[in-house]
Structure formats: structure tokens, C-alpha cells
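Every chain is numbered from 1, with letters handed out A, B, ... down the list of sequences. These values consider heavy atoms only, across backbone and side chains, with no hydrogens, waters or symmetry-generated copies.
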There are 2 protein chains.
Amino acid sequence: MLLCVYNTHSKNNMPNKLYKKIAKSTKKHPSKQNIKIAVDNCIFTVINDKLYILLIQMKKKPYTNKWALPGGLIGDKETSHNAALRILNEQTAVSDVYLEQLFTFDRPDRDPFGRVVSVAHFALIPNRGINLRTISKYADVKWQRVSDLPKLAYDHDEIVKYAKKRLAWKIKYTNVVWSLLPEKFTFTELQNVYETILGKRLDRRNFRKKFLALKLIKSTGKKVMRGVHRPAMTYQFKSREAKIVDIL
Amino acid sequence: MLLCVYNTHSKNNMPNKLYKKIAKSTKKHPSKQNIKIAVDNCIFTVINDKLYILLIQMKKKPYTNKWALPGGLIGDKETSHNAALRILNEQTAVSDVYLEQLFTFDRPDRDPFGRVVSVAHFALIPNRGINLRTISKYADVKWQRVSDLPKLAYDHDEIVKYAKKRLAWKIKYTNVVWSLLPEKFTFTELQNVYETILGKRLDRRNFRKKFLALKLIKSTGKKVMRGVHRPAMTYQFKSREAKIVDIL
DNA sequence: CCAAAAGTGTTAACGCTACACCCATGT
DNA sequence: ACATGGGTGTAGCGTTAACACTTTTGG
């Protein structure tokens with residue numbers, strides 16, 4: 001099942017005729033404003049019950065070999081949402097993604113190459129055998145444990161900090177967990193995601209009770225072995241769409 | 001955050017098609033970007049227990065005489081926050097203001113004059129004898145009841161809709177109410193703000209109990225007459241800073 | 001038999017909701 | 001005296017948090 005999540009602010013009504021009209025009339029804004037606008041993605045996933053974000057390694061000075069969030073300028077006819085999807089696709093080729101606008105970072109000195117305002121985005125993807133690919137612009141790409149982040153380029157430390165907060169909130173008050181999990185998962189796996197993100201242990205019985213009461217997931221009827229012990233029932237989400245539900 | 005979820009297996013898989021189109025047309029990073037960046041303010045206040053927002057009346061075509069949110073381009077060395085403050089000041093001359101970034105609206109066709117991305121801001125100000133002033137750029141300025149809004153220019157309807165949601169959330173889960181109230185206020189006034197914003201009536205005793213338990217406000221010791229009935233105690237906030245507290 | 005995680009209920013404390021009567025004032 | 005909003009307490013209910021033993025498997 002392929003899934004794209006769009007927020008309502010990036011409506012899909014962008015007829016090409018309109019682009020042309022816009023292109024023709026762009027001189028009507030008198031200002032000599034010289035600011036570029038970009039997108040940076042904070043992409044989370046869970047691998048072996050640990051939380052990771054995607055980092056790229058930069059080539060250009062003064063950030064040579066520094067790690068940073070993947071990003072890039074927005075196209076003239078592109079929404080920031082689509083720019084974020086495009087950039088996400090450059091590294092991951094995933095399609096099953098939860099994506100939302102995070103915050104716009106605009107300190108005038110945040111980019112040494114000139115004034116660039118960044119519309120940071122926040123993505124959650126399940127770790128289903130994603131093949132990372134490095135594009136020529138970057139030296140490398142990798143998944144980095146969130147609990148062990150290096151100092152990042154630009155103001156990306158700040159963006160990640162903000163994104164972590166948003167993630168903790170999201171997971172508590174919405175059902176976005178589905179976007180971090182494989183299609184079938186055990187209750188322990190589900191709980192581990194919560195414990196990792198919230199940074200605290202939860203009572204197994206209470207967690208199970210509460211989560212089942214939300215009626216978001218159903219048993220698949222199949223059990224799975226996850227080690228030398230009793231097999232665990234697997235579950236799946238009944239529906240994969242964004243909802244606001246008070247979870248924990 | 002409002003979300004639309006599209007399943008690409010379904011018949012009407014607009015997003016996926018659109019995504020591919022965009023991905024193709026903007027594959028390479030745009031070297032020369034022609035996008036302006038602006039700020040729009042959604043400024044709330046409470047007057048006589050009713051919720052209002054500040055609107056300006058436009059002069060230029062095609063929006064002549066239409067109402068809109070006050071806004072303007074960001075200066076080359078200015079943060080969007082400061083731009084929002086500057087613009088707020090053009091109309092209101094208030095200093096006691098709660099201001100935060102709301103969302104970045106970036107539909108390519110949102111501005112008929114050219115591509116302008118707007119970092120919408122959200123402001124709450126107390127109604128302490130604010131004198132509105134119209135600047136020459138606009139035909140007029142006014143406070144407009146939120147329950148009775150005209151159709152606005154650009155995508156400002158959408159911005160206001162989003163801001164109203166954010167306000168309802170903020171008032172429930174943080175202590176920002178202080179920014180909508182005068183220094184001293186009665187419990188009924190406080191409750192009226194909540195009822196107006198949440199759009200429902202609240203039980204007087206429970207509201208009082210709950211709010212007092214938060215220990216955010218204290219009695220001033222002075223009573224005030226608000227009509228032909230028993231005088232009411234006035235209260236004030238102990239501290240006027242942003243906190244997250246579960247209120248209602 | 002042992003280790004290791006899966007699975008399962010009950011109780012006590014707390015918080016929330018619902019609800020009705022007296023008080024202080026100006027006319 | 002009366003109309004108007006100000007001010008107050010309690011009881012029932014539902015939700016949450018704390019807590020321990022049995023089951024299933026592979027080695």
C-alpha cells in the first residue's frame with residue numbers, strides 16, 4: 001500500500017496555466033528582497049527499537065565533512081511540501097511516509113552562504129529495508145541514532161531539537177506511530193517505539209490496555225518468534241490515516 | 001495540524017500523479033530562485049467578551065476594498081518574528097503582545113502578484129485602549145468579530161481558520177490567556193474568554209476550581225462593580241510568561 | 001530445567017462532572 | 001423586594017497507576 005500524506009495547506013490545485021501567469025507578473029512585487037527559501041527534512045525512523053534520523057555529509061566549505069539534515073532550495077513552482085518529498089526521495093526512495101511542516105527557521109545568519117530561510121519538515125518512515133543512496137551533492141548518507149548526535153551544520157541542531165519535541169507530542173496525542181512501524185508488529189515493538197521516543201519506561205499491562213481501547217489496531221491472528229521465548233501475536237493498524245487521539 | 005491522507009491504490013490518486021509531475025519538473029536544484037518571502041499576522045483580541053481579529057482594507061487590485069490580514073515582505077536582515085512585530089506595530093502600537101509563528105503558507109498561486117511564501121504569525125493582545133491606525137498602504141483598519149468574518153483576500157481565510165484552531169489549542173493547554181486579558185480581571189471575564197474561544201459554556205464552579213488549582217493567578221484584594229449586582233473580586237496573573245499547563 | 005519475553009486483572013487514588021442555594025448590590 | 005450576576009461544596013463516576021504470577025518457547 002502506497003501512501004502519501006499531504007497537509008491541507010499544500011492543496012493540489014496548481015494548474016500550469018497559473019504558473020505561466022505568475023511567471024509573467026513576477027515583476028509586480030517591487031521589493032529588492034534578496035532571500036532564498038529552502039526546505040530541510042528531519043526524517044525519523046526506528047531500527048531495532050532505536051530512534052534514528054537521516055543525516056547527510058556535506059562537501060562544500062565551510063562545512064566539509066560535517067553532518068547535516070538533507071535539504072535544498074524550493075523550486076519556483078513547487079510547494080515546500082513537494083520540495084520536502086522530492087528531497088526525501090533523493091535519499092530514501094520511500095513512498096510510505098508521514099510528512100508535515102515543522103517550523104520555519106529564519107535567523108539571518110543561519111547560512112554562511114547568504115540569507116536562506118528554511119521551512120523545516122518532519123518525516124516519519126517505517127524501516128522496511130530502505131536503501132539509502134548518496135547523491136553527488138553529498139559525501140555520504142546515514143541513519144544516526146538520535147541519542148548520539150554529532151554537532152550538525154547550520155542551525156540543524158536546533159531543528160532536530162524542535163523535531164524531537166514535536167515527535168514526542170505527536171506520538172502522545174495522535175496515531176502517527178503507524179508511520180514508524182512495519183505493517184505487522186508485536187505489542188512489545190509498539191511499546192518500544194513509545195519508550196524510545198518518550199524516553200521512559202511504561203507499564204506493559206497498562207500500555208496494552210490503553211492502546212487496545214483506542215481500537216486503532218487489530219490482531220493479524222499470526223504469531224511470530226522474536227527470540228528464545230514464547231511467540232508474540234502480531235498486530236496491524238486498521239487504517240493508516242492521521243487522527244488526533246489522546247494516547248498516553 | 002489538518003491532514004489529508006491519500007491511498008494511491010484508490011482511483012483518485014491525485015497526489016501520486018502530481019508528485020511524479022513535480023519530481024520530474026524540478027529534478028535539478030533550482031539555481032536561480034524567484035520567490036519572495038513575507039509575513040502575515042493574525043492578531044486576536046477580546047473586546048466586551050467577544051473575540052476579534054485585526055483586518056486591513058486593501059487598496060491595490062485585484063483586491064481593492066477587500067479585507068485581509070496585515071502583512072508585508074521580510075527585510076533582508078530581519079527575522080520573520082521581527083517583521084511580524086514591525087507590522088503589528090504599524091497598526092496597533094502595542095507592546096504587550098504574545099507572538100508566535102503559526103505556519104508557512106506557500107501555495108504557488110496564493111498571491112496573484114507573484115510567488116510569495118508567507119510565514120503566518122499569530123498574535124494575542126489585550127484590549128487596553130488600543131488605537132488602531134491606518135497606514136497609507138491600506139484603505140482602512142478595523143477589529144472584526146471572528147464569528148462574522150467576510151471573505152478575505154489571498155488565502156487569508158485559510159490562515160485565519162488555522163489560527164483559530166491554534167488559539168483554541170493554546171488556550172486549553174498553555175497559560176497564554178494572560179495575553180488577551182487586561183492586567184486585572186474578574187473570574188467571569190476570564191471564563192468568558194474561554195467560552196468564546198472554545199465555543200461552549202463551562203460550569204462556573206468547576207472552571208474556578210480548576211483554574212485556581214493551576215496557581216497561575218492571584219487575587220488583587222480589590223473588588224469591582226460590573227453592573228447592578230454583587231461586586232466581583234479581581235485577579236491578576238502571577239507571572240506573564242509562556243508555560244505549558246493542561247487547563248481544560 | 002532454565003532463561004527470557006508474552007500475556008493477563010484487580011484495587012486504590014485521583015480527577016472530572018454534575019448539580020443548587022445564598023450573597024451583595026442598585027433601583 | 002427584586003433582578004442580576006458573584007460565590008461556594010459534595011457525591012458519584014470514570015480513568016489512571018501500581019503491582020506479580022503464569023505461559024510458551026529453545027537450548
List every contact pair, protein side and nucleotides 13-15 of chain C side both N or O, where the distance is under 3.5 Å.
none

Distance check needed: [N] [atom2] versus [X] [atom1], whole Å only.
X        : N      : atom1 : atom2 : result
B/Met233 : D/dG7  : CE    : C1'   : 11 Å
B/Phe211 : D/dG7  : CZ    : C1'   : 18 Å
A/Phe207 : C/dG7  : CZ    : P     : 13 Å
A/Asp246 : C/dC16 : CG    : P     : 12 Å
B/Tyr235 : D/dG6  : OH    : C1'   : 10 Å

Comparing B/Arg208 with A/Gly227, nearest DNA chain D nucleotide closer to 5' gives the residue B/Arg208
Salt bridge (Lys or Arg N to Asp or Glu O under 4.0 Å), paired with B/Glu195, selected from B/Arg201, B/Lys200, B/Lys50:
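Exactly one pass, corresponding to B/Arg201.
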What one-letter contact string describes nucleotides 18-25 of chain D from 5' to 3', where B marks a base within less than 4.0 Å of any protein heavy atom, S marks contact via sugar-phosphate atoms alone, and - marks no contact?
BBB--BBB
Would you say [atom1] of [X] has more than 12 non-hydrogen atoms from neighbouring residues, nucleotides or ligands within 6.0 angstrom?
X        : atom1 : value
A/Lys66  : NZ    : no
B/Asn48  : CG    : no
B/Lys238 : NZ    : yes
A/Lys165 : NZ    : no

Indicate whether the side chain of [X] and that of [Y] have a donor and an acceptor atom separated by less than 3.5 Å.
X        : Y        : value
A/Thr234 : A/Thr220 : yes
B/Asp106 : A/Thr79  : no
A/Thr104 : B/Thr104 : yes

Contacting residues from residues 185-199 of chain A, given that a heavy atom lies under 4.0 angstrom of DNA chain C:
A/Thr188
Check against salt bridge (Lys or Arg N to Asp or Glu O under 4.0 Å), A/Glu158 and A/Arg110:
CA-CA 11 Å; A/Glu158 204 183 335; A/Arg110 60 180 292 283; over 6 Å; no
Test log, rule salt bridge (Lys or Arg N to Asp or Glu O under 4.0 Å), inputs A/Asp157 and A/Lys151
CA-CA 7 Å; A/Asp157 292 316; A/Lys151 171 107 184 69; 2.8 Å; yes
Take A/Arg133 and A/Glu90, measure what salt bridge (Lys or Arg N to Asp or Glu O under 4.0 Å) needs, and give me the verdict at the end.
CA-CA 7 Å; A/Arg133 55 189 187 212; A/Glu90 286 174 356; over 6 Å; no
